[in-house]
> 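Have a look at this one before I ask anything.
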Amino acid sequence: MGKILYTNIDDIITGGRIVETEAYSWKERGSHAYKGKTNRNAVMFNQGGIAYVYLCYGIHHLFNVVTNHMDVADAVLIRALEPIVGIEQMKKRRGKITNEFQLTSGPGKLSKAMGIDRNLNGKSLLESEVWIEDDGASLSSKKIVASKRIGIDYAGEDALLPWRFTIKDSLWISST
DNA sequence: GCAATGATTTACT
DNA sequence: GTAAATCATTGCC
């Protein structure tokens, strides 16, 4: 949370501060890894520090960061970020938009703005075209708000877990 | 091999 | 507020 996510796609760098995330664990039904290891989610069973990119609903790419170690399929979904680098490029990729706050205020939109697609699946966040930096900005824990996750009502009780984290006062947080 | 469905977004009623 | 778009992965035949 609060760190900067960069991508370098087509020789164009875009980046932004992470302002909204959701945690996923193989232990709960919201995660793709819940049912066990499959071809799609095999990336999550790898060592942390790599990207897990998944195409959802045939249209939208979702960008996750694998966080745990081998055989422990935990990941963090990046739901929204605050555009910092390459905003013009993001607008170009997204086409006509009503306002800047909608550039990256959602997992599918964010991925499109950043140029993320399945080619990044399984890439290391340390030595590839996608990486995360810490700019040293202080982020008080008081500015982080936990709430229940979105879009996984099918997960039953697990959908109520307060595993969605947002930065208070950020304007780029998804609401729909 | 074929039918069902989803970590969503967008448009329309 | 509800429904459609759209395709990779999944599950069952």
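Chain letters run A, B, ... following the sequence lines, proteins first and then strands; every chain starts at 1.
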> Nearest whole Å is fine: how far is C/dC7 C1' from A/His61 NE2?
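Atom-to-atom, A/His61 to C/dC7, this comes out as 10 Å.
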
> Choosing from C/dT10, B/dT10, C/dA8, which nucleotide comes nearest the side chain of A/Arg94?
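Looking only at heavy atoms from C-beta outward on A/Arg94, the closest nucleotide is B/dT10.
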
> In this structure, are over 12 heavy atoms from other groups packed under 6.0 Å from A/Trp26 atom CH2?
no

> For the residue pair A/Trp131 and A/Tyr6, does the interplanar ring angle fall in the parallel (under 30°), tilted (30 to 60°) or perpendicular (over 60°) class?
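The rings of A/Trp131 and A/Tyr6 lie parallel, inter-plane angle below 30°.
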
> Do the non-hydrogen side-chain atoms of A/Arg79 and A/Ile150 ever get within less than 4.5 Å of each other?
yes

> Counting the atoms with a prime plus P, OP1 and OP2 as sugar-phosphate, which does A/Tyr52 contact under 4.0 Å by heavy atoms, base, sugar-phosphate, or nothing?
base

> Take atom CD of A/Glu127 as the centre, draw a 6.0 Å sphere, and report whether it contains more than 12 heavy atoms from other residues, nucleotides or ligands.
no

> Would you mind telling me which of C/dT6, B/dA7, B/dT9 lies closest to the side-chain atoms of A/Ile59?
C/dT6

> Just how far is it from atom CZ of A/Arg93 to atom CG of A/Asp10, taken to the nearest 0.5 Å?
6.5 Å

> 5'-most contact on DNA chain C: A/Asn39 or A/His60, nearest heavy atom basis?
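Closest to the 5' end, via its nearest nucleotide, is A/His60.
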
> For a stem of at least 3 consecutive Watson-Crick or G-U pairs with distances under 3.5 Å, i pairing with j, i+1 with j-1 and so on, which stems involve DNA chain C?
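Looking at DNA chain C, the stems formed by three or more consecutive pairs are B:1-6 with C:7-12, B:8-12 with C:1-5.
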
> Do A/Thr14 and A/Val85 have side-chain heavy atoms sitting under 4.5 Å apart?
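A/Thr14 vs A/Val85: side chains apart.
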
> Can you tell me the distance, in whole Å, between the CD1 atom of A/Ile173 and the C1' atom of B/dT8?
18 Å

> Can you find a side chain N or O atom of A/Tyr54 that sits less than 4.0 Å from OP1 or OP2 on B/dT8?
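Looking at the OP1 and OP2 atoms of B/dT8, neither is under 4.0 Å from any side-chain N or O of A/Tyr54.
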
> Verify the contact: side-chain N or O of A/Arg29 to OP1 or OP2 of B/dA7, cut-off strictly under 4.0 Å; return yes or no.
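Result: no.
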
> Could you check how far CD of A/Gln102 sits from P of B/dA11, rounded to whole Å?
10 Å

> If you measure from the Lys or Arg side-chain nitrogens to the Asp or Glu carboxylate oxygens, is any gap between A/Glu157 and A/Arg29 under 4.0 Å?
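Salt bridge: no.
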
> Just to be sure I understand the rule, does A/Tyr24 reach a base, reach only the sugar-phosphate, or reach nothing, if contact means heavy atoms closer than 4.0 Å?
base

> Indicate, with yes or no, if A/Leu62 and A/Tyr57 share a hydrophobic cluster defined by side-chain heavy-atom contacts under 4.5 Å among Ile, Leu, Val, Met, Phe, Trp and Tyr.
no

> What is the distance, to the nearest angstrom, from the CG atom on A/Asp153 to the C1' atom on C/dT2?
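Whole-Å distance recorded here is 15 Å.
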
> Quick one: pull up NZ in A/Lys168 and CD1 in A/Ile144 and give me the separation to the nearest 0.5 Å.
13.0 Å

> If you check the A/Tyr57 side chain, which of C/dT9, B/dG6, B/dA7 turns out closest?
B/dG6

> Which nucleotide wins on minimum distance to the side chain of A/Arg40, given the candidates C/dT9, C/dG11, B/dA7?
C/dT9

> Going by heavy atoms closer than 4.0 Å, what residues in residues 155-171 of chain A are next to DNA chain B?
none

> Mind checking if A/Gly106 touches a base, just sugar-phosphate, or nothing, with heavy atoms under 4.0 Å?
sugar-phosphate

> From CG of A/Asp117 over to P of C/dA8, roughly how many Å is that when rounded to an integer?
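About 12 Å, once rounded to whole Å.
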
> Send over the distance from A/Asn99 CG to B/dT10 C1', rounded to a whole Å.
15 Å

> Could you give the CD1-to-P distance, from A/Ile150 to B/dG6, as a whole number of Å?
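After rounding, the reported distance stands at 18 Å.
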
> Where the side chain of A/Thr38 is concerned, which of B/dA7, B/dT8, C/dT10 is the nearest nucleotide?
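The listed nucleotide nearest to A/Thr38's side chain is C/dT10.
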
> What is the distance from CG of A/Leu62 to C1' of B/dG6, rounded to the nearest Å?
10 Å

> Once you apply a heavy-atom cut-off of 4.0 Å, does A/Arg118 come out as touching a base, just sugar-phosphate, or nothing?
sugar-phosphate

> In whole Å, measure the gap between the P atoms of C/dA4 and B/dA4 for me.
16 Å

> At what distance, to the nearest 0.5 angstrom, does CG of A/Leu160 lie from CD of A/Glu28?
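So the gap between those two atoms works out to 11.5 Å.
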
> Is the glycosidic torsion of C/dA4 within 90° of 0, making it syn, or is it anti?
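Anti, since the glycosidic angle lies more than 90° from 0.
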
> Return the nearest nucleotide to the side chain of A/His32; candidates are B/dA7, C/dC7, C/dA5.
B/dA7

> Side chain of A/Lys109 only, please: which of C/dG11, B/dT9, B/dA7 is the nearest?
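Per side-chain heavy atoms of A/Lys109, the pick is B/dT9.
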
> Write down the distance separating the C1' atoms in B/dT5 and C/dA3, rounded off to the nearest Å.
16 Å

> Among side-chain atoms of A/Ser31 and A/Ser25, is any donor-acceptor pair under 3.5 angstrom?
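Their side chains do not contain a donor-acceptor pair, so the 3.5 Å distance test is not met.
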
